[in-house]
Amino acid sequence: MKTVSAHSLIARPIATADGEFIARYSATGLAELDFPNAKAFVAPKRSEGGRRPSSVTLSVWHRLTVAALKSALAGRAPGQLPPLDWSGTTEFQQAVWREMLKLKPGQTRSYGEMARLIGRPKAVRAVGGACGANPVPVLVPCHRVLAAGRQLGGFGGGLAWKRRLLAREGVVL
DNA sequence: CACGCTACGACCA
DNA sequence: TGGTCGTAGCGTG
């Protein structure tokens, strides 16, 4: 597995009422989504050797990303997502993220429940780590994973974002 | 490189 | 307060 730096990804801005997000694409799909004013990104390892999507493919994916993001920011289901590039991430992380994709707007789970659902009931703290490593926040709804007792827990993009996203989905803490 | 070891959490009871 | 476990970072051969 080769390591590829982040600038081999193609970056596209997405203007929203909440600021400008940045989507980054590899040859196999959407690899990252950055919050507005996100700090310098730490590139994960990727296996796709710096290949880039064709411009046609890119525009199709980006259209899906933009629509999905705007829906999600409004508290609605994102609809169809572009393919996600999870290369360079671990099986464990992917299991956690796949489980998060099953959550509908307004539907929350605790870290412990997530651990149980992926068949690793004791890997509770590790689930927290996987949530924090989610490269595509909002669309992969890590904000719907709360601490036990419906406490807010943490959030890589800042707790204000987590609160805001949940509020738009009608979640009361 | 490939391990081995350690420290560290977006936790939970 | 301590059990638990996936990761990252670092040191060795």
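Quick note on labels: first sequence line is chain A, next is B, and so on, each numbered from 1. In this text, all values refer to a predicted model and were calculated from it rather than measured experimentally.
- A distance-only check finds no donor-acceptor pair linking the side chain of A:Arg116 to the backbone of A:Val124 [under 3.5 Å].
- A distance-only check finds a donor-acceptor pair linking the side chain of A:Thr89 to the backbone of A:Trp86 [under 3.5 Å].
- Side chain of A:Gln94 to backbone of A:Glu91: no donor-acceptor contact under 3.5 angstrom is found.
- Side chain of A:Val124, nearest nucleotide from C:dT7, B:dA10, B:dC12: B:dC12.
- For an aromatic pair to be called close, the ring centres must be under 6.0 Å apart, and A:Phe21 with A:Trp161 satisfies this.
- Distance alone, capped at 3.5 Å, places no donor-acceptor pair between the A:Thr57 side chain and the A:Pro53 backbone.
- Rounded to whole angstrom, the span from the CZ atom of A:Phe35 across to the P atom of B:dA10 amounts to 16 Å.
- Only A:Gly154, A:Phe155, A:Gly156, listed by number, bring a heavy atom of residues 151-165 of chain A to less than 4.0 angstrom from any atom of DNA chain B.
- Summarising the base pairing, C:dT4 is matched to no nucleotide, lacking a Watson-Crick or G-U wobble pair whose two defining distances lie under 3.5 Å.
- When atom types are taken as modelled, the side chain of A:Asn134 and the backbone of A:Val140 share a donor-acceptor pair closer than 3.5 angstrom.
- Residue A:Lys122 has its side chain nearest to C:dC5 when only B:dC11, C:dC5, C:dT7 are considered.
- Although no hydrogens or angles enter the test, the distance criterion places no donor-acceptor pair under 3.5 Å between the side chain of A:Gln151 and the main chain of A:Ala148.
- Residues from residues 105-120 of chain A placing a heavy atom under 4.0 Å of any atom in DNA chain B, listed by number, are A:Ser110, A:Tyr111, A:Gly112.
- The side chain of A:Arg125 has C:dG3 as its nearest neighbour among C:dG6, C:dC5, C:dG3.
- Remark: side-chain polar atoms of A:Lys162 are paired, donor with acceptor, to backbone N or O of A:Val145 under 3.5 angstrom.
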